[in-house]
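A short worksheet on the structure shown next.
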Amino acid sequence: MIGGKRVCVVMPAYNAEKTLRQTYAEVDRALVDDVILVDDASRDHTLELARELNIHALQHPKNRGYGGNQKTCYREALARGADIVIMLHPDYQYSPRLVPALAAMVASGHFDCALGSRILGVGARAGGMPLWKYVANRFLTAFENFMLGYKLAEYHTGFRAFSRKLLTTLPLEENSDDFVFDNQMLAQTLWFGFHIGEVSCPTRYFAEASSIGFRRSVTYGFGVLGTCAEYRLARWGLVSSARYSDSGKRLPQGAV
Ligand SMILES: Nc1nc2c(ncn2[C@@H]2O[C@H](COP(=O)(O)OP(=O)(O)OP(=O)(O)O)[C@@H](O)[C@H]2O)c(=O)[nH]1
Ligand SMILES: [Mg+2]
């Protein structure tokens, strides 16, 4: 608990057997009330290891994708009474030791979303981010700041904290089941008037922590450009999108 709020860590997992133990070992269970792992039909023993570690684990019968995995994560966290939900990749790329910092940003009431930013501070390149990913990240971030009218160091980190209010307000079911889900969620966060804060976070690049190659990154990059365009056009009233509508489909608020 932090500030009387129930803290839940969710881990969207796909073939995370080699890194899950280490990631989980650095989660402070004195502060974190609940840990949930959703296994997206991994081909390794991620689910078995999660159960061995006494993590509350669910499995998709078929691979749904990273966005689809997050929808299940947030639905389950809300059903189990979370007030603050932190998404942590089980690939040990981000530092679990910063979970309390992210949770505190949200618990403060200043922000409904807090991001662990790899660009602020020591920097992503020092952690081994490939140059092409770094350049793409900087370019897409500059473009997105311009199009969304906000100021972030990066929109592409996978280490994020959210309030219950945000998770039950955004029409998350309208988003993609693929990687661009992350970007659509941040655009919705700003659309619905929530504030986003950032904390510096070191990153680590090694084989098991990074599986997204050039091709999937390009697909993601175009998805980001599409998200920005749709947001701007919706703001100008030129398109209507369920993603930015009060009638868009939301996650259930309680037990599912
Ligand atoms: N559900 C699902 N999750 C996936 C898939 N591929 C990767 N993931 C998960 O998505 C997250 C991000 O994927 P990574 O391979 O770590 O991406 P990365 O190459 O590190 O990307 P950057 O951090 O931006 O450099 C991880 O938590 C993976 O477990 C997939 O096909 N399906
Ligand atoms: Mg990774």
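Every heavy atom of this structure was used, including side-chain atoms; hydrogens, water molecules and symmetry mates were not. Read the numbers this way: they start at 1 and go in the same order the structure lists the ligands and their atoms.
- Using modelled atom types, one finds no donor on one side chain facing an acceptor on the other under 3.5 Å when comparing Thr72 with Asn69.
- At the shortest separation from atom 19 (O) of ligand 1 among protein heavy atoms lies Ser210 OG, 2.8 Å.
- Looking only at protein heavy atoms, the nearest one to atom 31 (O) of ligand 1 is Arg216 NH2, 3.2 Å.
- Among protein heavy atoms, atom 12 (C) of ligand 1 sits closest to His89 CE1, 3.7 Å.
- Asp34 and Arg80 are joined by a salt bridge, as a carboxylate oxygen and a charged side-chain nitrogen come within less than 4.0 angstrom of each other.
- Those atoms of ligand 1 that come under 4.0 Å of a heavy atom in Ser211, given as number and element, are 7 (C), 14 (P), 15 (O), 19 (O).
- A donor and an acceptor atom, one from each side chain of Thr141 and Asn145, are nowhere located under 3.5 Å apart.
- Atoms of ligand 1 found under 4.0 Å from any heavy atom of Tyr205, numbered from 1 in the order shown, are 22 (P), 23 (O), 25 (O).
- Residue Asn63 has at least one heavy-atom neighbour below 4.0 Å for each of these atoms of ligand 1: 32 (N).
- Near the Mg ion (ligand 2), less than 2.8 Å away, sit the protein N, O or S atoms Asp91 OD2, Gln93 OE1, Ala209 O.
- Relative ring orientation between Tyr94 and Phe159 is described as tilted, the plane-to-plane angle lying within the 30° to 60° band.
- Remark: ligand 1 atoms within the under-4.0 Å shell around heavy atoms of Pro12 are 27 (O), 29 (O).
- Considering each of Thr46, Asp40, Ile212, Asp91, the one bringing a non-hydrogen atom nearest atom 2 (C) of ligand 1 is Asp40.
- Close contacts between ligand 1 and Gln93 involve ligand atoms 16 (O), 20 (O), 23 (O) [criterion: under 4.0 Å to a heavy atom].
- Nearest protein heavy-atom contact of atom 9 (C) of ligand 1 is Tyr66 CD1, 4.0 Å.
- Checking Glu208 against Asn15 by side-chain atom types alone, no donor-acceptor pair falls below 3.5 Å.
- Distance from atom 24 (O) of ligand 1 to its nearest protein heavy atom, with residue and atom name: Arg118 NH1, 3.7 Å.
- Taking a cutoff of 4.0 Å between a charged side-chain nitrogen and a carboxylate oxygen, Asp177 and Lys71 qualify as a salt bridge.
- Salt bridge annotation for Lys249-Glu174: absent, with no cationic side-chain nitrogen under 4.0 angstrom from a carboxylate oxygen.
- Here Arg118 pairs with Glu154 in a salt bridge; the nearest charged N to carboxylate O distance falls below 4.0 Å.
- Distance from atom 29 (O) of ligand 1 to its nearest protein heavy atom, with residue and atom name: Tyr14 N, 3.5 Å.
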